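First the structure, in the form of structure tokens, and then the observations on it.
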Amino acid sequence: MAMKTIVTLSAHNIFFKFRGNFTNNSFSKTHFPNFHSYSSSSSNDNGHTQSKFQKVANLNDALNLFDQMSQTRPLPSIVKFTQLLQSLTKMKHFSHSIDLFKKMCALGVPVDNYTMNIIIKCCCHLYRTNEAFAALGFCFRRCIVPDVFIYSALLDGLILEDRILEAEIFFKKLIKQKLCEPNVVMYSTMIKGLCKVGNNVIAIQLLSLMDVNGCKPNVVTYSTIIDSLCKDKMIDDAFKLFKEMVFQKGISADVITYNCLIDGLCNLGRWDEAPKMLQEMLDVGISPDVKTFSILVDAFCKEGMIEEAENVIDIMIKKGVVPDIVTYNSLIDGYCLRGEMSKAKTIFDSMVFRGLVPNVVSYSTLLNGYCKSLKIDEAMGLFNEITRKGLKHDVVTYNTMIQGLFQVGRCGDARKLFDEMHGKGQIPDQLTYGIILEGLCNNRQIEEALSLFHLMDEAMGLFNEITRKGLKHDVVTYNTMIQGLFQVGRCGDARKLFDEMHGKGQIPDQLTYGIILEGLCNNRQIEEALSLFHLMGDSKLNMGIVVYNILIDAASKCGKFDIAKGLFRDLTNKGMHPNIRTYNVMISGLCREGLLGDAKRLFLKMEESGFRPDNVTYRVLLQGYLKNNQCDDVEMLLQEMDGRGYSLDATTLSLLLDQIAGGSLNNTLLDLMSKLVPKELMNSPNFSPN
DNA sequence: GTAGGGTTAG
């Protein structure tokens with residue numbers, strides 16, 4: 001029933017064109033005129049075809065070969081044609097593959113299961129799964145009995161289009177009607193689909209069902225679920241399954257399994273365990289690949305631990321694994337995150353010497369770095385370089401550049417780029433609108449922002465009609481707009497929009513709640529924020545550490561440090577754990593109150609609790625000491641910062657210079673300080689230490 | 001001559 005529905009859904013598709021007589025259509029007519037020019041050498045051509053086939057390396061070769069083959073008589077075998085389609089498909093020229101298939105049909109080449117499997121795969125990868133199902137009809141009409149390869153490809157197509165429910169129905173139908181015996185690949189594909197929608201429980205149930213049905217799962221089946229569990233931060237369950245696979249089922253893990261687990265550990269910040277897994281791999285004789293190392297490099301970079309990342313790169317090179325673009329892109333991003341733009345640029349430039357050509361991702365990463373550190377001229381230069389290098393701007397590079405322009409107040413230029421996007425065929429996405437709204441709001445162009453916000457409704461209405469995939473206001477755009485209104489002090493309007501969300505079916509999330517609390521706090525309505533907080537009681541919304549961080553910060557900033565302290569105690573009582581931000585906010589509060597001893601104790605305690613103080617922690621504590629004219633620990637803190645590869649910001653640096661000028665600090669510290677100041681800061685026009 | 005699992009940018 002379900003399959004029938006799917007097949008009949010696709011009334012307009014390529015396969016209906018082939019009903020009836022295949023040789024008597026326009027394709028064959030356009031092809032045969034060339035026939036005579038080749039026919040005299042057809043016996044040579046066969047040999048030539050054979051040898052040339054090995055060398056099909058690009059689209060043109062393949063198309064030329066097809067022309068030759070189709071003009072050879074007798075026609076080469078279906079195997080030769082299918083191999084050609086296969087090589088095109090491997091090069092991801094899916095639509096060309098389909099084109100050639102049509103021509104083959106027109107020529108009367110007797111296609112078989114192998115051919116159909118490839119064509120179905122092509123349709124699916126073009127997100128045209130309905131046409132793939134039409135191809136199934138084509139099989140039936142031509143008496144090609146679909147096999148487990150074909151059915152698996154179709155199942156994969158549905159999953160690729162996120163049509164998981166249909167995939168499940170299709171899968172069950174295949175079994176119930178005994179249309180084919182599912183094998184380990186088909187089960188694994190179905191499991192992948194279930195995992196894709198976060199249905200790990202059912203995926204695991206299907207895994208045990210396989211055994212019952214006499215189909216042994218393999219490393220792919222297990223790794224699919226292990227990866228999904230890792231992505232859902234259920235790493236302990238992932239390890240449980242991993243152990244079941246290795247020790248109970250005797251299935252060896254491979255490099256992909258380990259990569260999934262290492263990635264999972266990194267995403268949970270369990271740094272100490274990730275390298276242990278790397279060691280374990282080596283111990284059991286599995287060679288880590290570029291991806292293994294890239295995962296580690298990326299994870300370290302995201303945490304600002306560049307030294308560790310560089311270390312990993314050294315190790316991988318020693319092991320004979322060559323870092324690729326992905327590896328270096330992560331490293332570039334790492335330096336960008338630390339604001340060390342000259343280092344980021346050096347890495348970017350060095351890629352060429354390593355035989356790697358920066359791709360659009362490399363550019364957008366560096367571009368983002370320049371934008372975030374407000375070096376807009378460098379950013380603009382890089383943005384223009386992208387097209388000069390023959391690369392194409394995508395939504396990401398536009399979004400990044402637009403955001404950068406807004407950040408330095410160049411709203412007109414941002415707007416111009418936004419208009420340019422359309423002309424260049426880059427359709428703005430949800431994020432583009434978010435960036436523009438935020439940009440307008442931050443630049444106090446609130447009327448513009450509001451009118452754009454309402455305009456989006458119309459624009460998106462149209463968009464929806466055309467694509468059915470379109471845009472609509474989601475929690476993100478609401479959140480952005482609410483935040484914007486708060487930023488210009490329009491708390492009432494923010495509130496109104498918040499109420500409107502519910503009516504439009506957009507459920508406020510923890511972020512919305514955080515924005516509202518923060519908005520109220522910033523607008524000196526901390527009492528309101530606290531009463532909203534108390535009103536929520538033990539609601540899930542109050543169970544986020546972010547909420548506490550906002551309130552603690554706000555309370556201490558407006559002199560209600562006792563409330564801040566109370567909240568800090570309260571969160572542990574509720575079974576929540578402070579994060580690094582909580583510690584930073586508390587330390588900052590203690591310093592503000594002049595309680596430097598307590599600040600220092602908390603600073604030491606956080607490290608004991610497993611929280612490595614970050615750049616912010618050091619800067620906050622230093623500022624506390626300096627503002628209170630207590631300089632005893634300053635040198636030690638600076639030494640530690642140096643050891644950890646941290647850097648000073650403009651505010652802290654000028655406080656330090658003030659103390660040196662006033663004689664409270666020795667000017668021998670200048671050496672150490674200069675090591676801690678990013679070059680960018682030294683050259684920055686915004687920084688003028690008086 | 002056919003199919004399945006993992007990494008990267010806003």
Side-chain angles (χ1 to χ4, degrees), chain A residues 53 77-87 89-90 112-121 124 146-157 159-160 182-193 195-196 217-228 230-231 253-264 266-267 288-299 301-302 323-334 336-337 358-369 371-372 394-404 429-432 434-435:
Chain A
F53 179 72
S77 76
I78 178 62
V79 175
K80 290 278 168 287
F81 275 107
T82 306
Q83 282 173 332
L84 182 55
L85 292 190
Q86 169 75 351
S87 57
T89 308
K90 283 241 161 82
D112 63 6
N113 278 33
Y114 291 83
T115 330
M116 292 315 294
N117 177 37
I118 291 166
I119 289 312
I120 285 173
K121 224 176 91 175
C124 291
D147 54 17
V148 66
F149 288 91
I150 286 180
Y151 285 126
S152 292
L154 287 166
L155 188 68
D156 200 33
I159 291 166
L160 214 62
N183 61 11
V184 60
V185 175
M186 189 176 256
Y187 274 111
S188 303
T189 307
M190 190 65 244
I191 284 173
K192 175 181 73 176
C195 289
K196 202 172 172 189
N218 61 16
V219 63
V220 176
T221 326
Y222 271 100
S223 300
T224 306
I225 306 180
I226 288 172
D227 180 51
S228 176
C230 287
K231 294 222 156 70
D254 63 12
V255 60
I256 295 183
T257 326
Y258 274 99
N259 288 353
C260 296
L261 287 167
I262 291 174
D263 190 48
C266 289
N267 285 332
D289 61 6
V290 195
K291 288 172 187 174
T292 320
F293 290 110
S294 290
I295 291 167
L296 287 167
V297 169
D298 187 59
C301 286
K302 285 215 161 66
D324 63 5
I325 298 194
V326 177
T327 324
Y328 287 112
N329 284 351
S330 291
L331 195 59
I332 293 171
D333 196 38
C336 287
L337 281 172
N359 61 11
V360 68
V361 179
S362 325
Y363 274 97
S364 68
T365 308
L366 194 60
L367 190 66
N368 181 44
C371 287
K372 287 279 141 69
D394 63 6
V395 184
V396 180
T397 59
Y398 275 111
N399 285 352
T400 311
M401 198 63 234
I402 289 173
Q403 192 168 36
D429 61 8
Q430 199 85 41
L431 197 68
T432 320
I435 286 169

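Here the structure is a predicted model, which means the values were calculated and not measured. Just the heavy atoms: all of them, side chains too, but no hydrogens, waters or symmetry mates, feed the values below. Every chain is numbered from 1 and lettered A, B, ... according to where its sequence line falls, protein lines coming before strand lines.
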Any A:Gln86 side-chain N or O less than 4.0 Å from OP1/OP2 of B:dA3: yes
Going by heavy atoms in the side chains, are A:Asn399 and A:Gln403 under 4.5 Å from each other? no
Tell me every residue that passes ring-ring contact (aromatic ring centres under 6.0 Å, His included) with A:Tyr398, counting only those two or more places apart in sequence or in another chain. A:Phe383, A:His393
Starting at CE of A:Met116 and ending at P of B:dT2, how long is that distance when rounded to a whole Å? 17 Å
What nucleic acid atoms does A:Asp324 come within less than 4.0 Å of, heavy atoms only: base, sugar-phosphate, or nothing? nothing
Per atom distances to the A:Thr115 side chain, the nearest of B:dG10, B:dG6, B:dG1 is B:dG1
For a quick test of reading the model: is some side-chain N or O of A:Lys372 closer than 4.0 Å to OP1 or OP2 of B:dA9? no
Hey, is the side chain of A:Thr224 pairing donor to acceptor with the base of B:dG5 inside 3.5 Å? no
Need one value for A:Thr82: base, sugar-phosphate or nothing, where a base atom within 4.0 Å counts as base even if backbone is also close, heavy atoms only. base
Do the side-chain N or O atoms of A:Lys90 get closer than 4.0 angstrom to the phosphate oxygens (OP1, OP2) of B:dG1? no
For A:Thr221, answer base if it contacts any base atom (sugar-phosphate contacts may also be present), sugar-phosphate if it contacts only those atoms, and nothing otherwise; contact means non-hydrogen atoms under 4.0 Å. base
Given the rule in the side-chain contact (heavy atoms from CB on, under 4.5 Å) test, do A:Asp324 and A:Ser294 qualify, once you have shown the distances and angles that lead to the verdict? CA-CA 8 Å; A:Asp324 63 5; A:Ser294 290; 4.0 Å; yes
Taken to the nearest whole Å, CG/A:Asp298 to P/B:dG10 is 10 Å
Could you check whether A:Asn359 gets within reach of a base, just the sugar-phosphate, or nothing at all, counting any heavy atom under 4.0 Å? nothing
Among the nucleotides B:dA9, B:dG1, B:dG5, whichever has the atom closest to the side chain of A:Asp112 is B:dG1
Walk me through it: do A:Asp156 and A:Lys192 pass the test salt bridge (charged side-chain N to carboxylate O under 4.0 Å, His left out)? CA-CA 9 Å; A:Asp156 200 33; A:Lys192 175 181 73 176; 2.6 Å; yes
Within the structure shown, what part of the strands sits under 4.0 Å from A:Asn267 by heavy-atom distance: base, sugar-phosphate, or nothing? nothing
Within the 4.0 Å heavy-atom criterion, would you say A:Val219 contacts the bases, only the backbone, or no part of the nucleic acid? base
Please pick, from B:dT7, B:dG5, B:dA3, the nucleotide with the shortest atom-to-atom distance to any side-chain atom of A:Val220. B:dG5
In terms of side-chain heavy atoms of A:Val361, which of B:dG4, B:dA9, B:dG6 is nearest? B:dA9
Look at all strands and tell whether A:Ser223 reaches a base, only sugar-phosphate, or nothing, counting heavy atoms closer than 4.0 Å. base
Categorize A:Thr257 for me: base, sugar-phosphate, or nothing, with a 4.0 angstrom heavy-atom threshold over every strand shown. base
Using atom CG of A:Asp263 as one end and atom P of B:dG5 as the other, report the distance to the nearest whole Å. 17 Å
Take the protein atom CZ of A:Phe293 and the nucleotide atom P of B:dG6, then report the distance between them rounded to whole Å. 21 Å
Would you mind classifying the nucleic acid contact of A:Asn368 as base, sugar-phosphate or nothing, using non-hydrogen atoms under 4.0 angstrom? sugar-phosphate
Residue A:Val326, side-chain atoms from C-beta onward, closest of B:dA9, B:dT7, B:dG4: B:dT7
For the base of B:dG1, is there a side-chain donor-acceptor partner from A:Asn117 under 3.5 Å away? no
Provide the closest heavy-atom pair for A:Ser188 versus A:Thr221 in the form atom of the first, atom of the second, distance. OG-OG1, 3.0 Å
When rounded to whole Å, the CG to P distance for the pair A:Asp289 and B:dG6 reads 13 Å
May I have the distance from A:Tyr363 (atom OH) to B:dA9 (atom C1'), rounded to whole angstrom? 14 Å
Options B:dG10, B:dG4, B:dT7, nucleotide nearest the side-chain atoms of A:Val185: B:dG4
Which nucleotide wins on minimum distance to the side chain of A:Ile256, given the candidates B:dG5, B:dT8, B:dG10? B:dG5
Hey, is the side chain of A:Lys192 poking within less than 4.0 Å of OP1 or OP2 on B:dG5, counting only N and O atoms? yes
Report the C-alpha distance between A:Asn368 and A:Lys372 in whole Å, list the side-chain angles of each, state the deciding distance to 0.1 Å, and finish with yes or no for side-chain contact (heavy atoms from CB on, under 4.5 Å). CA-CA 6 Å; A:Asn368 181 44; A:Lys372 287 279 141 69; 3.2 Å; yes
OG1/A:Thr82 to OH/A:Tyr114 distance, rounded to the nearest 0.5 angstrom? 9.5 Å
In whole angstroms, how far is the P atom of B:dT7 from the CG atom of A:Asp333? 17 Å
Would you say A:Lys121 reaches B:dA3's phosphate, i.e. side-chain N/O to OP1/OP2 under 4.0 Å? yes
Are the ring of A:Phe149 and the six-membered base ring of B:dA3 within the stacking cut-offs of under 5.5 Å and under 30°? no
In whole Å, what is the span from the OH atom of A:Tyr114 to the P atom of B:dT2? 8 Å
Under 3.5 Å, is there an N or O donor on one side and an acceptor on the other linking the side chain of A:Thr365 and the base of B:dA9? no
